[in-house]
Every structure is written in C-alpha cells, then in structure tokens.
Visitor: 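Before we start, here is the structure in question, set down as structure tokens.
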Amino acid sequence: MDMITFPTIDMTPILPEIYLSLLAMALLLINVFMPGRQKGYLGYISFVGVVAIAVMTASGWGIEVSSFSGSVIQDKFAIFFKIIFLLSAGLSILLSDQYMEREGCNHGELYPLILFTVVGMMLMACGTDLMTIFLGLEVMSVSLYILAGFNRANIKSNESGLKYFLLGAFSTGFLLYGMALTYGATGTTRIFGISGQLSQMAAPAANIMLLAGMLLMITGFAFKIAAAPFHMWTPDVYEGAPTPMTAFMSAGPKAAGFAAAIRILVISFPALQPDWSQLFWILAVLTMTIGNITALRQDNIKRMLAYSSIAHAGYALVGFAAGNETGVAGVLFYMLSYAFMNIGAFAIVILIAKKGETNGTVQDFAGFAFKRPLLAAVMSLFLFSLAGMPPTAGFIGKFYLFSGAVQQGYVWLAIIGVINSAVSVYYYLRVMVFMYMKNPSEEFEWATVTAPVALALIISAAGSIILGVVPSYVMQFAQQAAKLI
Amino acid sequence: MFDNVWLIPLFPLIGFLINGLFGKKIKNETVIGGIGAFAVLCSFVVSCMTILRLLSLPIEERLAEVKVFTWITSGNFNADIAFLVDPLSCVMIMVVTGVGFLIHLYSIGYMHGEEGFYRFFAYLNLFMFSMLLLVLGNNLLLMFVGWEGVGLCSYLLIGYYFHKKSAGDAGKKAFVMNRVGDFGFLLGGFALFWYLGASHNVWTIQFTEIAKNSHLLPTGGIVTVITLCFFLGATGKSAQIPLYTWLPDAMEGPTPVSALIHAATMVTAGVYMIARMNFLFIRSPETLMVVAVIGACTALFAATIGTAQYDIKRVLAYSTVSQLGYMFLAMGAGAFAAGIFHLMTHAFFKACLFLGSGAVIHSMHEALHHAHSHDDPQDMRNMGGLKSKMPLTFMTFLLATIAIAGIPGFSGFFSKDEILWQAFSNQHHGSLNYLLWGMGAIAAGLTAFYMFRLVFMTFYGESRITPKAKDHLHESPMIIVFPLLVLAALSVIGGYIGMPKIIGDALGGIPNYFEHYLEPVFRYSEEYLSQHSQHTALHPSHAVEWGLMGLSVLIALAGITVAFTMYVKNRELPSRFTATFPALHRAVYNKWYIDELYDFAIVNPVKAAGRFLWKGFDVVIVDGAVNGVANIVMAFAGVIRYLQSGFIYNYAWTMAFGVVVILGYYLFK
C-alpha cells in the first residue's frame with residue numbers, strides 16, 4: 001500500500017481567514033452560555049480579535065506568497081483590502097451593541113456573522129482562482145443576507161434581508177454563468193492562467209464566449225458594488241437593515257466587490273481592457289448621476305446615504321475605468337477613506353434615531369448643533385468629506401481617482417465626476433443646514449454616546465482628517481498595492 | 001542647528017487653541033491672560049536663544065533653513081513648512097515677541113473686566129502666530145499665509161467691540177483695503193513664480209532659491225511689474241498712499257491692539273517684505289523710485305493731517321502712517337538696513353506712545369464715568385494737566401515723544417537721521433534726492449510739532465474736566481506701567497546699537513553694529529546697486545552730512561518750539577490761527593477729504609455697479625440659470641424616484657434589462 005503523500009501547503013495567505021473563522025466559531029459556542037444582558041461582551045471579544053488579526057495581516061506586508069496551487073495569494077493588494085474589511089468590521093462592531101440593545105435584537109450571533117462576512121470578503125481579495133473568489137463571495141453574501149434581516153421583529157429589516165437575498169441570488173446567477181463561460185473559453189479558472197490563454201489567442205475580443213463571460217462577471221460584480229443599473233436593491237436594503245449593518249455593507253462588501261473585479265479584470269483581461277474600460281466609463285457616469293440625483297430628493301437619512309453610496313461607487317468606477325496604476329491606487333485609497341467617513345456618518349445616524357428606527361429623516365437633525373455641538377461638528381466633518389471638500393479624505397480620494405482618469409485621457413469622465421460632486425454637495429449640506437440653522441422641532445432626549453461608539457467616532461474622524469491632511473503616507477501603500485502585474 | 005525654531009510660532013498657536021476653545025469655560029482672567037502672555041514669553045525665550053546662536057556663528061554662515069515638513073507638492077510646485085533663520089528674520093522675531101510680550105502683559109491690566117476677555121487673548125495669540133509665520137516663513141506661500149492671518153486678526157480685533165457700528169465698519173474697511181493690497185501680493189507672487197519657471201525652468205517660491213537665481217531676472221521690465229505688484233501689497237498692509245485710510249479708522253480697536261498690530265508689528269510687514277526680497281527690488285530702479293516717492297509723500301502727507309486731530313489715538317495713527325513712510329523712503333533709497341533699524345526703534349517708541357495713550361484713556365474714562373459725564377475720553381480737548389496725576393505715564397510718554405521727534409541721543413534720532421542721510425546721499429534717484437530729503441525733513445519738523453502738541457494738550461496746563469471727575473484721575477496699576485517703563489527705556493537706548501557711521505567715528509570709532517549685523521542679508525543688493533546705479537555717486541563731504549544733521553535737529557526743535565508757543569505759552573494762538581485760515585484748518589482736520597474722495601470716486605461707483613450686478617445680473621440671469629438647472633435636476637430626481645417602486649420583480653427586470661443591453665451592445669457591435 002502506497003503512502004498517501006500530502007502536498008506541502010503554505011497556509012500563510014489564508015491565515016487571517018482561518019483565525020477569523022476560529023474566532024467566529026468560538027464566539028458561537030460562548031454565545032450559548034452568555035446571558036442575554038451581556039451579549040455586548042461578544043462585541044468586545046470580536047473587536048479585540050479583529051484588531052489582533054489586522055495587526056497580523058498587516059505584518060505580512062511585502063511578503064508575497066501564493067499557495068493552494070495558485071488559487072490564493074498574499075500580496076500587497078490583498079493585504080490592503082483585508083485591512084479595509086477589518087477596519088469596517090471593527091467600526092461596525094463598535095457601533096452594534098448600543099444599537100442592537102436599543103432595538104431589542106441583541107442576539108449573540110451578530111458578531112460571528114460579521115466575522116464570517118469578513119472571511120468571505122478576504123477570500124475575494126486574496127483569491128486568484130475564479131472558484132475561490134466565488135466561494136468568498138457566497139460566504140460573504142449569505143452572511144450579509146442574514147445580517148440585513150437581523151432585526152427579525154422589524155418588518156423593514158425582514159424586507160431588506162429578503163430582497164437582498166432574492167436579488168443577490170439572481171445576480172449570482174449571472175456571475176457564475178460568466179465564470180463558466182470564461183472557463184469554457186480558456187479551459188482554466190486560475191486568473192493568471194486565463195491571461196496566459198488570452199495572450200495566445202489571435203483576437204480575444206472576437207471570442208464571443210470569452211467576451212460574454214467577462215461581461216456577465218462584470219454585471220455580477222456591478223450588483224455587489226451597487227453600480228447602476230444593478231443598484232436598485234441598495235436603498236431598500238440599506239434602509240431596512242440595522243443601521244450598523246448598513247454602515248458595514250456600504251463599506252466592506254463594496255470594497256470586496258472592487259477587489260475581486262479589479263484583480264480579475266486587470267490580471268486576466270488586460271487584452272480586453274478597451275472594452276471593459278469603456279463599459280466602466282458608461283457605468284461610472286450612470287452610477288454617479290443616478291446616485292446623486294436621486295439622493296437629492298431623499299428625506300430619510302439612511303436612504304439618502306444609500307444613494308450617496310451608489311454615487312460613491314460611481315466615483316470609484318471612474319478610477320477603475322482608467323485602469324492605470326493611479327486610478328487603481330485611487331480606488332484603494334478611496335475605499336479606505338470611504339470606510340472612515342461613511343461609517344462615521346452612520347454612527348451619528350444611530351445616535352439620532354430612536355427605538356424602532358424612528359427619527360431617521362433629515363428634518364430630525366434640526367438643531368442638533370445647538371444640543372450637541374461636538375457631535376454636530378464631527379458629523380459636518382464626515383459630510384464635508386463625503387462631499388469631497390478639502391482638507392478631508394474624500395477630497396484627496398476623489399483627486400486621485402479623477403487624476404487617474406485624466407492621465408488615461410478620460411477628461412470628460414473626470415469633468416462629469418466633478419459636476420456630480422458639485423450636485424452631491426446639495427444633499428450633504430442640507431443636513432448641515434438643518435443641524436446648524438433650524439430650531440429643534442420638539443424637545444427630546446438625545447441618546448448618550450457610549451464608549452464604543454465614541455471610539456468608533458474618534459477613529460472615523462481621525463481617519464477622515466489624517467487621510468486628507470497627510471495623504472501621501474497612506475497613498476504610498478496604495479500605490480505599491482496597485483502594482484498588480 | 002536651529003532645530004527648535006518651529007517652537008516660536010507654535011507656542012502662540014497653542015495659546016490660541018487653549019483660550020479659543022476653552023477660554024469661555026476658564027473664565028478666570030488671570031489664567032486666560034497668563035496663558036496668552038506666557039505663550040508669547042516662551043516664544044520670546046526661544047527667539048533669544050535663536051539670535052544668540054546666530055550671533056555665535058561666523059558672519060558668512062548666518063543663514064539656515066529649517067524644514068518641518070513638505071506641505072504641498074504638485075508637479076513643479078513645491079512648498080514646505082519651513083523656516084528661514086537669518087539676521088533679518090531674527091530682528092523681526094525679537095521685536096515681535098519682545099514687544100508682543102510686553103503688550104500682552106499690558107493687556108491683562110487694560111482689558112480687565114471686558115466682555116469677551118478670552119476672545120481678545122485668543123485673537124492676540126493667533127495674531128502672534130500669524131505674524132511669526134510671516135517673518136519666519138522661507139517661501140512666498142508661507143509668508144502669504146501669515147500675511148493673510150495677520151490681516152484676519154487685525155479685522156477681528158478692530159471689530160472687537162462689534163456691537164459698535166463704527167468698529168464694525170472700521171474692521172470691514174481695513175479688510176477690504178488690505179484685500180486690494182493682497183491681490184497685488186498674489187499677482188506678484190504668481191508672476192514671479194511663472195516667469196522664473198517658464199523662462200528659466202526654475203520653479204521655486206523659496207526666498208533663498210529666488211535670490212540664488214535672481215541673476216536670471218532682467219533689470220526693469222517684468223521685474224518692475226512684479227515688484228510694483230508686491231509694493232501694492234505693501235501699501236495695503238503698511239498703510240501707505242493710496243491705501244492708508246484704513247489705519248486711522250482701525251483705532252476703533254482696543255488700544256493694546258493699536259499698539260501691537262497697528263503700530264509695532266503688522267503694519268511693518270510691508271517693509272519687512274521688501275527687505276526680504278531686496279534682491280528683487282534692486283533690479284527695478286523704477287520701482288525703487290516709486291517706493292521712495294510714495295514713502296516720502298506718505299511721511300509728509302500723514303504728518304500734516306496729524307497736526308489737526310484732536311483724538312489722541314488718531315494723532316498717533318497718522319504718526320504711524322508717517323513713520324512707515326520713512327521706512328519705505330529708506331527701502332526706496334536702497335538703505336534696507338536703515339529702514340529695518342527704524343522699524344525696530346519705531347516699534348519701541350510707538351508701542352510706548354500707544355500704551356501710554358491707552359493708560360491716559362483708561363484713566364480719563366473712569367474719571368468721566370464717575371462724574372457721569374458723556375465727554376469723549378479720547379479727545380485731547382478734554383484732557384490737560386495729567387502730568388501730576390499720572391507721573392510715570394507722563395515720564396515714559398515724554399521720553400518716547402522725544403525719541404520720535406528726533407532729538408539727538410534718543411533712538412528715533414539715530415534711525416531717522418540715517419534714513420534722511422541715505423535719502424540725500426544715495427546714488428539712485430539723482431536730483432530727486434534733494435526733494436526726498438526735503439520732504440522727510442519737513443515731515444520731521446511736523447512730527448515734532450504734533451507730538452509735542454499732543455504732550456502739551458494732554459499733560460500740561462489745567463485740567464479741562466470737572467473737578468469732580470478730576471479727583472478720579474489716577475496712575476495705572478503696575479501691570480500697565482511696567483511695559484511702559486521697559487519700552488521707554490528701549491526708546492532711549494535702543495538707538496545706540498545703530499549709530500550712523502559719522503557719529504560713531506566722531507565718538508572714537510564706534511561701529512554701526514546693527515548695519516554690520518544685517519550686512520549678510522543686504523550685501524549683495526548693496527554691491528549690485530553701487531555697480532548699476534544710473535547716477536554718479538554724490539559723495540557729499542562730512543561737513544555736508546553734519547550740516548544736514550544739524551539742520552534736521554533744528555527743524556525738530558523748531559517744531560517743538562512752535563508747539564510750546566501755541567499750546568503752553570500762548571493758548572489762544574490755535575483758535576486765532578483757525579480763525580485766520582478756516583478753510584485750511586477744515587481741510588486738514590477733515591484729513592484733506594481723502595475719505596470723501598475715495599467714497600465719491602471709488603466706493604460709490606463700485607457700490608452702484610454691485611447693486612446693478614446684484615439686482616440686474618445676479619438675481620435675474622445667474623440665479624435664474626442656477627435655479628433653473630436645479631429645478632430641472634430636482635424634477636428629474638422626482639421622476640427617477642418613481643422607478644424605485646419597491647417591487648422585487650421591477651428590480652430584477654431592470655437588472656435583466658441592463659444585462660441584455662450590455663451583452664447586446666458588445667456582442668453585436
């Protein structure tokens with residue numbers, strides 16, 4: 001009888017995923033013995049775990065390891081994105097306890113689910129095989145469906161989870177079909193292998209099967225990043241989901257969608273870049289414009305931020321359409337900035353709202369600045385950053401994205417982006433007008449700021465300012481990470 | 001070497017942040033004032049260390065640039081947060097922090113009990129920060145940040161009593177006039193950056209780099225344009241013709257502000273700027289001439305107005321404008337060191353005069369208040385006889401007055417005489433020199449006259465307020481008197497470090513320390529000027545120099561004598577004079593109607609044009625277009641909102657539709 005020889009496997013690229021999964025499973029077990037009042041401790045444990053794993057992940061910077069026969073990789077690109085995921089997860093965990101307690105759905109499963117989502121996103125970022133990426137996407141999506149409907153007593157949350165699930169499944173069909181067609185055309189699912197096959201083809205753009213495969217994959221990812229016309233789920237899902245999860249969804253999974261799409265298109269399909277660049281050009285314009293214009297008319301703050309997040313996906317698509325190093329580095333930088341400023345804004349939304357998700361309109365911000373000047377100032381910072389005013393992270397991020405487009409010769413795209421930015425100022429400043437220039441409609445108790453929420457606000461505000469004032473420090477990392485090929 | 005120089009602007013910034021953010025909660029005046037003054041004291045100490053270290057270096061090595069961090073990099077453009085330490089900037093930081101500290105101390109006493117005490121100190125510290133940035137910055141942009149910062153603080157502090165309409169108006173006036181100047185500064189900076197870059201591929205805004213490459217610049221031509229732009233900036237900040245009218249109005253601010261910002265430091269920024277870019281100005285003989293003429297005209301013109309004012313602070317304000325004119329006269333004559341020297345001595349005696357006037361006003365105010373009188377405490381016609389009531393204030397005030405009047409042995413004499421001599425003997429302006437000297441000398445006589453008129457009206461004779469109020473007149477507390485004493489002492493002895501050569505020689509070879517000290521900064525320009533001068537050097541003899549000096553002293557003494565005759569000996573003379581020449585008196589008293597002229601020629605037409613653009617153009621066309629676009633966009637938003645039906649099948653259909661369109665387009669194109 002022959003000895004079965006196991007191939008030696010280097011676990012390095014997926015060590016963060018392994019530890020996160022272990023942590024999540026341990027939390028599930030602990031949860032059973034945790035009395036209802038103390039579920040918050042699970043949050044603390046998972047936050048500490050997330051921080052530790054982030055440190056561990058970051059320490060791999062500069063060490064490139066590929067394993068599992070080339071289906072996962074640890075490179076600077078993957079690490080940069082993993083840090084974004086862990087950051088958005090960490091911030092959302094900090095926001096969760098106070099919100100879930102108030103809404104009466106402080107179930108312990110929340111934290112393991114968040115961690116599993118992160119595992120999925122991480123696989124999307126470090127996968128170099130279509131199957132790995134798909135696996136990651138499904139792990140992420142399934143956990144997200146549950147998180148969206150987590151507040152099961154609330155009908156809107158149920159609606160949110162169900163809609164997300166049905167439409168997500170629908171879009172996954174396109175994605176998977178695209179992957180299958182790509183496999184059919186090239187005979188491989190390894191993304192480096194695909195690019196090798198393409199370089200041997202005489203005219204890859206004429207290969208219908210390959211082209212259709214790529215386009216269908218793009219539509220699948222366009223759904224995940226909420227690009228128009230695949231964005232329609234976003235407002236409904238964002239509005240209904242528990243607010244900390246909305247914050248999480250807008251930052252983490254969106255970044256994960258970009259990570260996977262960038263890696264596949266830039267590495268596998270450079271031969272088709274004219275095509276996908278053009279497509280992203282159009283998608284970027286559509287997404288920015290629809291997101292911004294629809295946001296103008298929203299009174300519900302979560303819906304407004306949902307449309308705003310569509311618009312921001314559009315800005316990031318500008319850098320993606322450019323497809324050059326500046327543009328891709330801009331996307332990385334922007335996703336990081338967006339995590340800070342958007343989660344920060346949602347944190348304030350959580351503080352304003354009252355039990356049962358009431359008090360969530362722009363009008364409810366009236367007079368906020370008189371009651372809580374510091375919180376209003378912080379909210380203004382986030383809004384300024386979202387609107388792209390210097391010296392905040394949002395401004396620098398847009399600057400890199402648009403300059404990537406200009407370098408590539410897409411001057412009009414940059415101009416449309418800037419016009420869109422100008423439009424967006426209206427609905428961001430509208431909130432500030434209510435905060436600073438209107439009197440509160442009625443007397444009521446503002447929520448107290450618990451320590452974890454305060455920490456989340458401090459981190460978000462610091463990030464939004466630091467990335468805006470000394471961007472070059474982070475930008476150099478993003479530029480290194482953007483060197484994919 | 002000078003690694004800690006960045007601390008100098010940092011301390012006041014910290015003070016500003018503490019008082020600005022928490023001052024309202026601290027409430028305790030001692031703590032707030034203490035923080036403000038202590039921050040400046042720290043800067044002063046570091047400044048002293050810096051200048052001592054600079055002096056310990058050999059003369060050629062007295063130049064250092066301390067980079068803190070890269071601020072902006074964009075293509076060819078690079079700006080650092082970096083500080084320039086050289087003899088010139090060291091004089092400035094010593095004056096700014098030294099005089100600044102004394103005025104902070106004084107303010108603790110003077111502002112006692114004022115509403116918004118913390119606000120005052122926060123602004124004052126912010127001003128110190130900006131001013132130090134202005135003088136220490138190693139590039140044009142950083143200097144401009146400081147330049148704008150001091151302008152902002154000046155605006156805020158002039159309008160400190162903002163509930164008074166006149167104070168608010170004065171602040172606005174200062175701000176607008178300074179903006180006109182700032183525009184010139186910006187244009188000059190842009191033109192310089194662009195010209196050096198586009199024509200010679202030297203893209204820099206750093207002073208040392210520009211100086212190093214200044215040989216690339218032509219003489220005249222573009223340099224004249226650039227320097228005139230910068231000079232326009234200087235006329236705004238330093239209140240020269242034609243942009244001087246804001247400074248007298250700026251006296252609406254609290255008196256310590258007048259002393260610090262509108263006499264000793266900020267208004268000298270224009271002089272400093274020209275000195276800093278001396279290598280640029282020497283390349284345009286035309287600009288130098290303009291600077292000299294404007295300086296001399298301002299010196300004389302403002303002095304005439306000063307003779308007929310009754311508000312004690314306004315007299316000092318016109319005096320400041322006039323003295324700044326001397327400094328520009330020096331700059332225009334290529335005597336940069338002499339101009340900076342006068343800047344320093346002027347900071348001493350003018351700060352002393354302003355603070356002294358503040359003490360007088362304070363005392364008058366209280367006395368009138370107790371007597372329930374509504375007379376103006378700043379009007380000299382209500383004063384008189386304060387000598388015995390406020391002996392220390394009187395002593396210090398008198399010393400500073402003697403200094404500004406140019407009596408030999410006092411600081412003002414040395415610096416002013418050096419400027420007059422340089423105006424006379426320089427080789428750049430040919431026979432214009434005689435005129436420049438003449439105007440300067442007459443202005444000196446007028447200065448002596450109006451200053452002693454002020455002293456005699458205020459401190460001599462009989463008190464002109466009711467006896468009841470008179471009993472409440474009193475000397476100020478120590479915290480107010482102490483800065484006066486220090487500044488008076490400096491007004492007396494401050495001149496000896498910069499004795500004109502001829503006096504030094506006569507006294508047994510005492511060198512002009514100040515000029516030697518500044519030599520590394522201006523050496524290049526002086527050599528350049530002596531080589532490129534269009535006129536032959538005059539080389540007047542020592543006898544001429546002694547003669548001119550004697551003449552200017554005589555003129556000053558004459559001014560004092562006239563003041564003594566009119567306001568002490570023969571007190572009906574002024575009224576007889578005004579009765580004889582009513583039109584002249586009215587014109588001078590009304591400041592030659594320059595404000596009215598500006599209102600008529602510029603302000604009102606601009607207002608009318610503004611009103612037209614507002615009602616006609618802005619409301620109808622611009623707003624129409626903007627609101628029209630906005631309405632269209634909003635309507636569009638209303639339409640797409642309906643697409644968001646909430647039904648899953650609609651969403652799914654949209655997605656499917658998107659997929660079909662994308663696939664259809666790419667597969668069948």
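A note on names: the letters A, B, ... follow the listed sequences, proteins ahead of strands, and every chain is numbered from 1. When reading the values below, keep in mind they use all heavy atoms of this one structure, side chains included, and skip hydrogens, waters and symmetry mates.
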Visitor: Picking from A:Leu215, A:Leu216, A:Leu166, which has the most non-hydrogen pairs under 4.5 angstrom with chain B?
Guide: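 Greatest number of close heavy-atom pairs with chain B: A:Leu215.
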
Visitor: Are B:Trp147 and B:Phe185 near enough that their ring centres are under 6.0 Å apart?
Guide: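 Ring-ring flag for B:Trp147/B:Phe185: true, centres closer than 6.0 Å.
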
Visitor: Does any heavy atom of chain B fall under 4.5 Å from the side chain of A:Leu279, the backbone, both, or neither of them?
Guide: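 Both parts, backbone and side chain.
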
Visitor: With a 4.5 Å heavy-atom cut-off, do B:Cys42 and B:Ile14 have their side chains touching?
Guide: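 No - every pair of side-chain heavy atoms lies 4.5 Å or more apart.
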
Visitor: Determine, using ring centers only, whether B:Phe129 and B:Phe16 are less than 6.0 Å apart.
Guide: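 No; B:Phe129 has its ring centre 6.0 Å or more from that of B:Phe16.
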
Visitor: Does the pair A:Arg303/A:Asp236 count as a salt bridge with the N-to-O cut at 4.0 Å?
Guide: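 Counted as a salt bridge, because a side-chain N and a carboxylate O are separated by less than 4.0 Å.
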
Visitor: Listed by residue number, which members of residues 653-663 of chain B have a heavy atom under 4.5 Å from any heavy atom of chain A?
Guide: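 B:Thr654, B:Met655, B:Ala656, B:Gly658, B:Val659, B:Ile662, B:Leu663 fall under the 4.5 Å cut-off.
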
Visitor: Go through the atoms of B:Tyr665 and report whether side chain, backbone, both or neither lie under 4.5 Å from a heavy atom of chain A.
Guide: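 Side chain only.
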
Visitor: So that I know where these two stand, are A:Phe269 and A:Trp276 an aromatic pair - ring centroids less than 6.0 Å apart?
Guide: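 Ring-ring flag for A:Phe269/A:Trp276: false, centres at least 6.0 Å apart.
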
Visitor: So for A:Phe174, is it side chain, backbone, both, or neither that comes closer than 4.5 Å to the heavy atoms of chain B?
Guide: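 The side chain, not the backbone.
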
Visitor: Of all of A:Thr294, A:Leu167, A:Ile208, which one pairs up most often with chain B through heavy atoms under 4.5 Å apart?
Guide: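 Between A:Thr294, A:Leu167, A:Ile208, the count favours A:Leu167.
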
Visitor: Walk me through whether A:Tyr473 and A:Ile466 qualify under side-chain contact (heavy atoms from CB on, under 4.5 Å).
Guide: CA-CA 9 Å; A:Tyr473 186 70; A:Ile466 290 170; over 6 Å; no

Visitor: Taking only residues two or more places apart in sequence or in another chain, which ones pass side-chain hydrogen bond (donor to acceptor under 3.5 Å, both in side chains) with A:Ser421?
Guide: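 A:Lys398.
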
Visitor: Against chain B, label A:Ser472 side chain, backbone, both or neither, depending on which of its atoms sit under 4.5 Å from a heavy atom there.
Guide: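 Looking at A:Ser472, nothing touches chain B.
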
Visitor: With the threshold set at 4.0 Å, does a side-chain nitrogen-carboxylate oxygen contact exist between A:Lys163 and A:Glu239?
Guide: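 No salt bridge links A:Lys163 with A:Glu239.
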
Visitor: Quick check on the 6.0 Å ring-centre criterion: do B:Phe647 and B:Tyr651 meet it?
Guide: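 No, they do not, as the ring centres are separated by 6.0 Å or more.
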
